[in-house]
Amino acid sequence: MLKKMGEAVARVARKVNETVESGSGTLDLAECKLVSFPIGIYKVLRNVSDQIHLITLANNELKSLTSKFMTTFSQLQELRLEGNFLHRLPSEVSVLQHLRAIDLSRNQFQDFPEQLTTLPALETINLEENEIVDVPVEKLAAMPALRSVNLRFNPLNAEVRVIAPPLIKFNMLMSPEGVRAPTP
């Protein structure tokens, strides 16, 4: 057990060092068995956090993200959080004014994260395979850059299915009513 934990910590450290050394603007911590974003990473990345435009935290065990995460990486353009246990976003997500794409698929959202509707550059929202019933269609329709919202495999209510199509100018992906996600 301790050996596996040590390997996981070493893997995260290696990936963070790659980000700092390469200056690539990408931090990829996918599949690192993270239950939270490691606090020590903020200190290591403090001089390059403004240059990071893509963070991937996919397929971990994250239950939440902190406001510090959002404010530290305020220049993000893409955030990949699919395959975690997230059920909400901190209100500070509103500081991500440059965010163009967010992937929250395969998480545990029951409510649509409405803070996303305040982001002016957001083009793509992926919430596939969550438990979302209601969607703020009017707020989404008012988003200037929005091009695509993926809500497949969510138990959307009938009202959303009827109201959304005439109001929206973007692509909204929905599964047929009653269709559930295939089990892995």
Side-chain angles (χ1 to χ4, degrees), residues 28-31 34-37 53-184:
D28 184 354
L29 295 178
E31 299 177 13
L34 297 174
V35 294
S36 64
F37 191 79
H53 299 292
L54 165 63
I55 294 181
T56 301
L57 292 166
N59 303 314
N60 281 292
E61 298 169 19
L62 298 172
K63 291 187 173 91
S64 66
L65 286 175
T66 64
S67 56
K68 181 172 182 139
F69 177 88
M70 299 298 169
T71 56
T72 300
F73 300 108
S74 62
Q75 299 302 310
L76 277 179
Q77 294 176 15
E78 186 173 351
L79 183 55
R80 301 197 56 209
L81 297 165
E82 68 269 22
N84 282 287
F85 300 107
L86 299 170
H87 64 278
R88 64 177 184 80
L89 294 173
S91 60
E92 289 80 5
V93 74
S94 63
V95 304
L96 302 179
Q97 296 292 299
H98 306 285
L99 193 68
R100 291 193 325 243
I102 188 164
D103 190 342
L104 296 165
S105 61
R106 298 184 340 271
N107 273 285
Q108 297 178 348
F109 284 89
Q110 293 181 341
D111 297 315
F112 189 97
E114 286 197 38
Q115 312 96 304
L116 296 178
T117 64
T118 66
L119 303 178
L122 196 56
E123 298 172 3
T124 305
I125 302 170
N126 186 350
L127 280 158
E128 185 172 351
E129 287 188 52
N130 278 279
E131 295 298 320
I132 296 169
V133 174
D134 200 15
V135 178
V137 176
E138 293 84 4
K139 289 181 179 180
L140 290 171
M143 293 177 69
L146 192 60
R147 293 191 328 216
S148 175
V149 178
N150 183 349
L151 291 164
R152 285 186 291 212
F153 303 117
N154 279 280
L156 298 172
N157 69 34
E159 188 176 306
V160 169
R161 294 173 182 282
V162 172
I163 290 175
L167 291 178
I168 59 175
K169 58 187 180 294
F170 54 86
N171 189 12
M172 184 184 285
L173 304 173
M174 297 182 275
S175 299
E177 196 166 357
V179 173
R180 302 299 295 159
T183 51

Novice: If you count every heavy atom of other residues, nucleotides or ligands that lies below 6.0 Å from Glu159 atom CD, does the total exceed 12?
Specialist: no

Novice: Under the rule for side chain to side chain donor-acceptor pair (under 3.5 Å), what residues qualify as partners of Glu61, not counting sequence neighbours?
Specialist: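 Glu61 satisfies side chain to side chain donor-acceptor pair (under 3.5 Å) with no residue once adjacent residues are dropped.
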
Novice: Could you go through the side-chain contact (heavy atoms from CB on, under 4.5 Å) check for Leu116 and Leu104 one step at a time?
Specialist: CA-CA 11 Å; Leu116 296 178; Leu104 296 165; 4.1 Å; yes

Novice: Working to the nearest 0.5 angstrom, can you tell me the gap between Ser105 OG and Arg80 CZ?
Specialist: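 Interatomic distance, Ser105 OG to Arg80 CZ, rounded to 0.5 Å: 8.0 Å.
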
Novice: Distance from Arg147 atom CZ to Leu122 atom CG, nearest 0.5 Å?
Specialist: 10.5 Å

Novice: To the nearest 0.5 angstrom, please state how far the OG atom of Ser36 sits from the NZ atom of Lys63.
Specialist: 10.0 Å

Novice: Give me the atom names and distance for the closest heavy-atom approach of Pro120 to Ala145.
Specialist: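 That would be O-CB, 3.5 Å.
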
Novice: For the pair Leu65 and Leu57, evaluate side-chain contact (heavy atoms from CB on, under 4.5 Å) and give the outcome as yes or no after the intermediate values.
Specialist: CA-CA 11 Å; Leu65 286 175; Leu57 292 166; 4.3 Å; yes

Novice: Which heavy atom of Asn154 sits nearest a heavy atom of Arg161, and at what distance?
Specialist: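 Scanning both residues completely, I find the closest heavy atoms to be O-NH2, 4.2 Å.
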
Novice: Would you say Thr124's side chain and Ala101's backbone share a donor-acceptor pair under 3.5 angstrom?
Specialist: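 A pair under 3.5 Å: no.
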
Novice: Indicate yes or no for a side-chain donor-acceptor contact from Glu114 to the backbone of Pro136 under 3.5 Å, with no hydrogens or angles considered.
Specialist: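 Between the backbone of Pro136 and the side chain of Glu114 there is no qualifying donor-acceptor contact (under 3.5 Å).
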
Novice: Donor-acceptor check, side chain of Asn84 to backbone of Asn60, threshold 3.5 angstrom: yes or no?
Specialist: yes

Novice: Give every donor-acceptor pair under 3.5 Å between a side-chain atom in residues 90-97 and any protein atom, sequence neighbours left out.
Specialist:
{"unit_1": "Ser94", "atom_1": "OG", "unit_2": "Ser91", "atom_2": "O", "d": "3.2"}
{"unit_1": "Gln97", "atom_1": "NE2", "unit_2": "Ser94", "atom_2": "O", "d": "2.6"}

Novice: Please determine which of Thr56, Leu54, Asp103 meets the side-chain contact (heavy atoms from CB on, under 4.5 Å) test together with Glu78.
Specialist: Leu54

Novice: Tell me whether Thr72 contacts the main-chain N or O of Phe69 through its side chain, where contact means a donor paired with an acceptor under 3.5 Å.
Specialist: no

Novice: Any chance you could measure Leu127, atom CG, to Ile132, atom CD1, to the nearest 0.5 Å?
Specialist: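 One finds 4.0 Å between CG of Leu127 and CD1 of Ile132.
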
Novice: Looking at Glu82 and Arg106, is any side-chain nitrogen of the basic one under 4.0 Å from a carboxylate oxygen of the acidic one?
Specialist: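 Salt bridge between Arg106 and Glu82, a charged N being under 4.0 Å from a carboxylate O: no.
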
Novice: Please report the closest heavy-atom contact between Leu146 and Phe170, naming both atoms and the distance.
Specialist: O-CB, 3.5 Å

Novice: Determine the minimum heavy-atom distance between Leu156 and Val135, stating which atoms define it.
Specialist: CD2-CG2, 3.7 Å

Novice: To the closest 0.5 Å, what do you measure between NE2 (His87) and CZ (Phe109)?
Specialist: 8.5 Å

Novice: State, with a plain yes or no, whether a side-chain heavy atom of Ser148 is found less than 4.5 Å away from one of Glu123.
Specialist: no

Novice: Using atom types as modelled and distance alone, determine if a side-chain donor or acceptor of Asp28 lies under 3.5 Å from a backbone N or O of Ala30.
Specialist: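 The answer is yes, because a donor-acceptor pair under 3.5 Å joins these two groups.
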
Novice: Using modelled atom types and a 3.5 Å cut-off, is there a donor and acceptor pairing between side-chain atoms of Lys169 and backbone atoms of Ala141?
Specialist: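 Side chain of Lys169 to backbone of Ala141: a pair is present.
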
Novice: Is the side chain of Asn157 donor-acceptor paired with the backbone N or O of Asp134 at a distance under 3.5 Å, no angle test?
Specialist: no

Novice: Could you state the interatomic distance from NZ (Lys68) to CZ (Phe73), rounded to the nearest 0.5 Å?
Specialist: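 Separation between the atoms: 9.5 Å.
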
Novice: Ile125 and side-chain contact (heavy atoms from CB on, under 4.5 Å): which single residue from Leu119, Leu140, Asn150 fits?
Specialist: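 For Ile125, the side-chain contact (heavy atoms from CB on, under 4.5 Å) test succeeds with only one of Leu119, Leu140, Asn150, which is Leu140.
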
Novice: Before giving the answer on side-chain contact (heavy atoms from CB on, under 4.5 Å), spell out for Leu89 and Ile102 the whole-Å C-alpha distance, their side-chain angles and the decisive distance to 0.1 Å.
Specialist: CA-CA 12 Å; Leu89 294 173; Ile102 188 164; 4.3 Å; yes

Novice: Is the count of non-hydrogen atoms from other residues, nucleotides or ligands lying under 6.0 Å from Asp111 atom CG greater than 12?
Specialist: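 Open.
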
